[in-house]
Amino acid sequence: MRPQGKKGNILLIYTGGTIGMMKDYPSGALRAFDFDQLLTKIPELHQLDCSIESISFDQPIDSSNMNPGYWAKLADIIEKNYDRFNGFVVLHGSDTMSYTASALSFMLENLAKPVIFTGSQLPIGDLRTDAKENLITAIEIASLCDEAGAVVQEVCLYFEYKLYRGNRTTKVNAEHFRAFNSPNYPHLIESGVQLNIRYPYLFRNNDRKALVVYKEMDPNVGILKLFPGLTKALVDAVLHSTGLKALVLETFGAGNAPTDVWFDKALKEAVDKGIHIINVTQCSGGGVVMGHYSTSEHLRKNGLINGKDITTESAITKAMYLLGKNVSYEEFRTVFEVALRGEMRQN
Ligand code: ASP
């Protein structure tokens, strides 16, 4: 089915980020400003074929200050307004946007409406800003619907003419307008003269169950990136850190790691203690194939979880989500290797 109309009721949620920042004097540093001022900078919003209401964090933040508490707040705003709106557009700093989009994709179970994250590299008041296109098209996409309901029914990220599945994205550039990439999953929509919607790639939740919102994210997780020369002292310090329940291990290539006896032993002891270790590649594309090389066989034997082609952003937030749900040790292992919201390949 193809979209028949674009009319809709959209909730714009402003969390902060460059899009709504202005220069602070005399330091010249960018600081978030009031949301009402942001709206006056885009009179074009009134021309859109949908009605827009907005809500703002009391204190808009630079997304470097984002944390699970704010994710819960965002999830709560969406939950409370879910029935009243056709779609949600979240204005968010680009620095941690992929983490928040990934987190929200897990927190919002049975989502059947669009939640679209966007932001910009230049503030909205800047002459050459990318903010207007990002915001206007994100709203247009959020209001797309056909007889079956919303065209987009998942958490996405829109930036520089492309809509991506949020939990597949990663920030790849700090200065180009094309700041995001989705290395292991195709983009969902491309904006040109028309919106080119790539229907086969859209996520569909066929259960038609009611939205369930999880707000407990367990932050007792960590990320360790391997590099040649990594010391035993560092590995031990990480694996023995107080409260650690899950570790995302960024390995080489197709999921490979050193075979030193001390390293092997450290991983095995941690897994035996009940710490979940997830094998994720540090390459920007492709994924883990445990056992493909002999340098990953020992990881499989030691009980590491296969992160397949998941991004680090998605892996860390999926771990927080599953731990927050208090699933059993075995369930965590099994469920982690299954795609819940299209965040990893199925096999
Ligand atoms: N530091 C900003 C933030 O993430 C950068 C941006 O918005 O693009 O909040």
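Counting starts at 1 for both ligands and their atoms, following the listed order. When a residue number appears, it is its place in the shown sequence, counting from 1.
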**Q** Between Phe159 and Ala179, what is the shortest heavy-atom contact and its length?
**A** CE2-CB, 3.9 Å
**Q** What do you reckon, does Lys171 have a nitrogen or oxygen under 3.5 Å from a nitrogen or oxygen of ligand 1?
**A** no
**Q** Given the side-chain rings of Phe180 and Tyr164, with only the six-membered ring counted for Trp, is the space between their centroids under 6.0 Å?
**A** no
**Q** Just by distance, with hydrogens left out, do Glu250 and Thr312 show a side-chain donor and acceptor under 3.5 Å apart?
**A** yes
**Q** Decide if the gap between the ring center of Tyr329 and the ring center of His276 is smaller than 6.0 angstrom.
**A** yes
**Q** Of all the atoms in ligand 1, which lie at a distance below 4.0 Å from a heavy atom belonging to Thr18?
**A** 2 (C), 5 (C), 6 (C), 7 (O), 8 (O)
**Q** Going by distance only, is there an N or O of Ser64 that falls short of 3.5 Å from an N or O of ligand 1?
**A** no
**Q** Just checking Lys209: does its NZ atom have more than 12 heavy atoms from other residues, nucleotides or ligands closer to it than 6.0 angstrom?
**A** no
**Q** Any N or O of Ser94 that comes nearer than 3.5 Å to an N or O of ligand 1?
**A** yes
**Q** In this structure, which one of Ser51, Ser143, Cys50 forms a side-chain contact (heavy atoms from CB on, under 4.5 Å) with Asn9?
**A** Ser51
**Q** Is there a polar contact, in the sense of an N or O pair closer than 3.5 Å, between Ser63 and ligand 1?
**A** yes
**Q** Check ligand 1 against Gly17 and write out every atom of the ligand that is under 4.0 Å from a heavy-atom position of the residue.
**A** 7 (O), 9 (O)
**Q** Between Ser120 and ligand 1, which part of the residue brings a heavy atom under 4.0 Å of the ligand: side chain, backbone, both or neither?
**A** backbone
